[in-house]
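Just so you know, these numbers use all the heavy atoms, side chains as well, and skip hydrogens, waters and symmetry mates.
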Amino acid sequence: MLNKAQIRKCLDIIGEMFPDAHCELNHSNPFELVVAVALSAQCTDALVNKVTKNLFQKYKKPEDYIRVPLEELEQDIRSIGLYRNKAKNIQKLSGMIIEEYGGEVPRDRDELTNLPGVGRKTANVVVSVAFGVPAIAVDTHVERVSKRLGICRWKDSVLEVEKTLMAKVPKEEWSVTHHRLIFFGRYHCKAQSPKCETCPLLDLCREGKKRMKRKEVK
């Protein structure tokens, strides 16, 4: 496991590698972000953006989503995985936002998780990106990078990873660290073919050292 100084070094280097890391889901307001993140479960941001390009022209507010038959919304997001379930959730959460929150997306993470299809990760993304509240959303990239580097333990649950990162990363850096870890995992420390040979963190990375040793043996 990395110590405090080593974690600091990792964060600084990843920050230098990806200084412009940001949320890659296209949106123009908090409600569009909720819809985009709900659609992104088990799906790439690139595909979500392709779908929302037309979706957000047709549907501008929660009322628009509940005015159409479910089948019509399903067809509009058909190219996305689990589209039937996601269409149901989007209609339900739209109704809840209208009825319980006066048409405005709630700013509280716990209230956000009450919305259908919105889990803790989604809520953290929304409060962080839409409302500027410090948060670390743990997606597959954040979890993988944190465990490979040794910031977290291999056996840690997603919630444990989130709590560990919150304890080890300064609060004012939570949101930017979330985006940088995603970029690092998406474009450098990939699931199948991480770029260990050229990684500036190799001397600190337990997983990278193991992988390089295996290559030497071969």
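Looking at Lys86 and Glu74, their side chains never come closer than 4.5 Å, going by heavy atoms from C-beta outward. Side-chain contact between Lys210 and Lys215 is absent, with no heavy atoms from C-beta onward closer than 4.5 Å. Within the 4.5 Å cutoff, no side-chain heavy atoms of Lys168 are placed close to those of Lys4. The closest side-chain heavy-atom distance from Leu39 to Ile77 is below 4.5 Å. For the pair Met17/Pro200, a side-chain contact is recorded, criterion being any heavy-atom separation below 4.5 Å from C-beta on. For the pair Leu181 and Thr177, the minimum side-chain heavy-atom distance is below 4.5 Å.
Remark: the backbone N or O of Lys60 is paired with a side-chain donor or acceptor of Asp64 at under 3.5 angstrom. Judged by distance alone, the side chain of Asn49 and the main-chain N or O of Asn26 form a donor-acceptor pair under 3.5 Å. Between the side chain of Asn85 and the main chain of Leu82, no donor-acceptor pair closer than 3.5 Å is present. The backbone N or O of His188 lies less than 3.5 Å from no partner atom in the side chain of Lys195, so there is not a single donor-acceptor pair. Under the 3.5 Å distance criterion, the side-chain polar atoms of Ser40 are left unmatched by any main-chain donor or acceptor of Cys43. Between the side chain of Thr113 and the backbone N or O of Asp110, at least one donor-acceptor pair lies under 3.5 Å. Although no hydrogens or angles enter the test, the distance criterion places no donor-acceptor pair under 3.5 Å between the side chain of Lys147 and the main chain of Cys152.
To the nearest 0.5 angstrom, Arg109 atom CZ is 5.0 Å from Asn124 atom CG. Going from atom CG of Leu165 over to atom CD of Glu173 covers 12.0 Å, rounded to the nearest 0.5 Å. Taken from CG in Asp139 to CZ in Arg144, the straight-line distance is 8.5 Å, to the nearest 0.5 Å. Lys9 NZ to Asn3 CG: the interatomic distance, rounded to the nearest 0.5 Å, is 11.0 Å. Going from atom CG of Leu11 over to atom CZ of Phe184 covers 11.0 Å, rounded to the nearest 0.5 Å. Remark: Arg148 CZ to Glu207 CD distance equals 5.5 Å, nearest 0.5 Å.
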Hey, can you pull the donor-acceptor pairs under 3.5 Å for the side chains in residues 90-102, sequence neighbours left out?
unit_1	atom_1	unit_2	atom_2	d
Gln91	NE2	Tyr65	O	3.0
Gln91	NE2	Val68	O	3.0
Ser94	OG	Ile90	O	2.7

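The environment of CD in Glu104 is sparse: at most 12 heavy-atom neighbours from other residues, nucleotides or ligands sit within 6.0 Å. No more than 12 heavy atoms of other residues, nucleotides or ligands sit less than 6.0 Å from atom NZ of Lys163. Other residues, nucleotides and ligands contribute only 12 or fewer heavy atoms inside 6.0 Å of the CD atom of Gln42. In this structure, Lys209 places its NZ atom where more than 12 heavy-atom neighbours from other residues, nucleotides or ligands lie under 6.0 Å away. Enclosure of atom CZ in Arg211 by more than 12 non-hydrogen atoms of other residues, nucleotides or ligands within 6.0 angstrom is indicated. The 12-atom threshold is not exceeded at NZ of Lys88, counting heavy atoms of other residues, nucleotides or ligands nearer than 6.0 Å.
Follow the hydrophobic side-chain contacts under 4.5 Å out from Val176 and you never reach Leu149; the two are in separate clusters. Phe56 and Leu47 fall within the same hydrophobic cluster, where Ile, Leu, Val, Met, Phe, Trp and Tyr residues are linked whenever their side-chain heavy atoms come under 4.5 Å apart, directly or through other members. Using a 4.5 Å cut-off between side-chain heavy atoms of Ile, Leu, Val, Met, Phe, Trp and Tyr, with links allowed through other members, Val118 and Val138 fall into different hydrophobic clusters. One hydrophobic cluster, built from ILVMFWY side chains closer than 4.5 Å, holds both Val129 and Val35. Cluster membership check: Val127 does not share its hydrophobic cluster with Ile182, using side-chain heavy-atom separations under 4.5 Å among Ile, Leu, Val, Met, Phe, Trp and Tyr.
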Full working for side chain to side chain contact (heavy atoms under 4.5 Å, CB included) between Arg186 and Asp45: CA-CA 11 Å; Arg186 185 175 285 160; Asp45 288 0; 3.1 Å; yes
Derivation and outcome, side chain to side chain contact (heavy atoms under 4.5 Å, CB included), residues Cys23 and His179: CA-CA 7 Å; Cys23 176; His179 293 305; 3.8 Å; yes
Given Phe183 and His141, is the ring pair (Phe, Tyr, Trp, His ring centres under 6.0 Å) satisfied, shown in steps? CA-CA 8 Å; Phe183 269 54; His141 301 297; 9.6 Å; no
In sequence, state the C-alpha distance, the side-chain angles, and the governing distance for Lys121 and Glu162, and then conclude on side chain to side chain contact (heavy atoms under 4.5 Å, CB included). CA-CA 9 Å; Lys121 183 202 82 172; Glu162 181 187 331; over 6 Å; no
Please report the C-alpha distance between Val169 and Ile151 in whole Å, then the side-chain angles of each, then the deciding distance to 0.1 Å, and finally whether the side chain to side chain contact (heavy atoms under 4.5 Å, CB included) criterion is met. CA-CA 10 Å; Val169 176; Ile151 297 172; over 6 Å; no
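Across all non-hydrogen atoms, the minimal contact from Ile136 to Met166 is CD1-N, 4.0 Å. A pairwise comparison of heavy atoms in Ala137 and Val125 identifies CB-CG2, 3.5 Å as the closest pair. Across all non-hydrogen atoms, the minimal contact from Leu202 to Cys196 is CD2-O, 3.7 Å. For Val105 against Pro30, the heavy-atom pair with the smallest separation is CG2-C, 3.9 Å. Here the closest heavy-atom approach between residue Ser157 and residue Glu160 is recorded as N-OE1, 2.7 Å. Contact detail for His178 and Val142: the closest heavy-atom pair is O-CG2, 4.0 Å.
Side chains of Asp76 and Tyr83: a donor-acceptor N/O pair is absent below 3.5 angstrom, by distance only.
Scored by the salt bridge (Lys or Arg N to Asp or Glu O under 4.0 Å) test, Arg78 finds no partners at all (sequence neighbours excluded).
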